[in-house]
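Sequence lines set the chain letters: A, B, ... in the order given, protein chains first and strands last, and positions in each chain run from 1.
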There are 2 protein chains.
Amino acid sequence: MTAADSAAQRELIDALVTTSFVTMAVLNRVSAEYDLSLTQFRVLAILRDRRVKMSELADYLGLDKSTISGLVDRAEKRGLLQRAPNTADGRAVDVFLSPAGTELADRGAALVARSLSPMTSVLTGTEARRLTTLLEHILPAAPSLRAS
Amino acid sequence: MTAADSAAQRELIDALVTTSFVTMAVLNRVSAEYDLSLTQFRVLAILRDRRVKMSELADYLGLDKSTISGLVDRAEKRGLLQRAPNTADGRAVDVFLSPAGTELADRGAALVARSLSPMTSVLTGTEARRLTTLLEHILPAAPSLRAS
DNA sequence: TATTGTTATACTCTATAACTATA
DNA sequence: TATAGTTATAGAGTATAACAATA
């Protein structure tokens, strides 16, 4: 790799970190709009199209199972999701969205799209596709997606 | 905008969000490596090349001043940074890194680069530059960078 | 024995409100 | 009056350790 390429790598890392902070700030703001933490918001997003066990939720989020218990407790108390015993494993507990939770998750997803669109819409269709391709190219190389 | 372009926007938003979560997961892991929260790590990064007032730190991070007081308290107790009265404004307090904080910030920045390089290095130099350019193109359109 | 989940505990992060000191 | 910072308080997020139930 040439010295110029090393510099390009460093500049890319900077741009990646900055973009991520900006994106997360937007997601945080959207979550707060619905009185949710970003983690709670992610829980709703994950459950949007699945019914999962507590342990699977812990895996998706990269958090300890005791943390999930608290997270689910609070969301359940708000009527956003429900627990039910898993029929196949007597130890396991399933979690899934309530109707209210589904509605909130849907509205949240729409607001995320609206909130980020000012950024993405400065690009032409061709540029947008090129950026998507590049991001999808580097994503599989991420070091252990466990806590994604 | 054509229907195909709308789809491209949606896919870009997905890629952006996924990339951001992956990047933040890496930054979280690096922070934890040094027994720092991501916020503490950001404080060190901000102070790496500046001496700022408490209120400026609050602006950079998009957090309340009382939150900054606690953050700085804990970091100061660990010997990573120091407070000193601002000479121009009797109400203000300056914050700056201690030698230990500077050393930790430097090592942290290096580890961030090392931890993200598996992702960035799958690209050729030309691709890396193109991705950087596209990210830098959309960044200024971010809705209110206040909490960046 | 190992796994799933909950609870108790402790600490950090965060905001709000009330306060002091300075501008 | 307004701004800078601290403190008290309260709630959420997080992990560790200890536990009960099931596999």
Tell me the interatomic distance from [X], atom [atom1], to [N], atom [atom2], rounded to whole angstroms.
X       : N      : atom1 : atom2 : value
A:Tyr34 : D:dA12 : OH    : C1'   : 21 Å
A:Asp35 : D:dG11 : CG    : P     : 14 Å
B:Asp73 : D:dT7  : CG    : P     : 6 Å

Between B:Arg42 and A:Phe21, is NZ or CZ placed under 6.0 angstrom from the six-membered ring centre and within 45° of the ring axis?
yes

So is B:Arg83 actually on top of B:Phe96's ring, under 6.0 Å and inside 45° of the axis?
no

Could you grab the distance from atom [atom1] of [X] to atom [atom2] of [Y], nearest 0.5 Å is fine?
X       : Y        : atom1 : atom2 : answer
B:Arg50 : B:Tyr60  : CZ    : OH    : 4.0 Å
A:Met54 : A:Leu71  : CE    : CG    : 8.5 Å
B:Thr19 : A:Leu139 : OG1   : CG    : 4.0 Å

Show me the donor-acceptor pairs, under 3.5 Å and distance only, between side chains in residues 4-14 of chain A and residues at least two apart or in other chains.
from, atom 1, to, atom 2, distance (Å)
A:Asp5, OD1, B:Arg129, NH2, 3.0
A:Gln9, OE1, B:Thr120, OG1, 3.0

Please give me the minimum heavy-atom distance between B:Ser121 and B:Pro118, naming the atom from each residue.
OG-O, 3.5 Å

Range on DNA chain C touched by chain B - first to last nucleotide, heavy-atom distance under 4.0 Å:
C:dT12 to C:dA23

Would you classify A:Ser55 as touching base, sugar-phosphate or nothing, given that sugar-phosphate means primed atoms plus P, OP1 and OP2, and contacts are heavy atoms under 4.0 Å?
sugar-phosphate

Scan B:Ser37 against the nucleic acid and name what it touches under 4.0 Å (heavy atoms): base, sugar-phosphate only, or nothing.
sugar-phosphate

Under 4.0 Å protein heavy-atom contacts per nucleotide of nucleotides 14-23 of chain D, with B for base, S for backbone only and - for none
BBBB----BS

Can any side-chain N or O of B:Glu127 pair as donor or acceptor with the backbone N or O of B:Thr124 at less than 3.5 Å?
yes

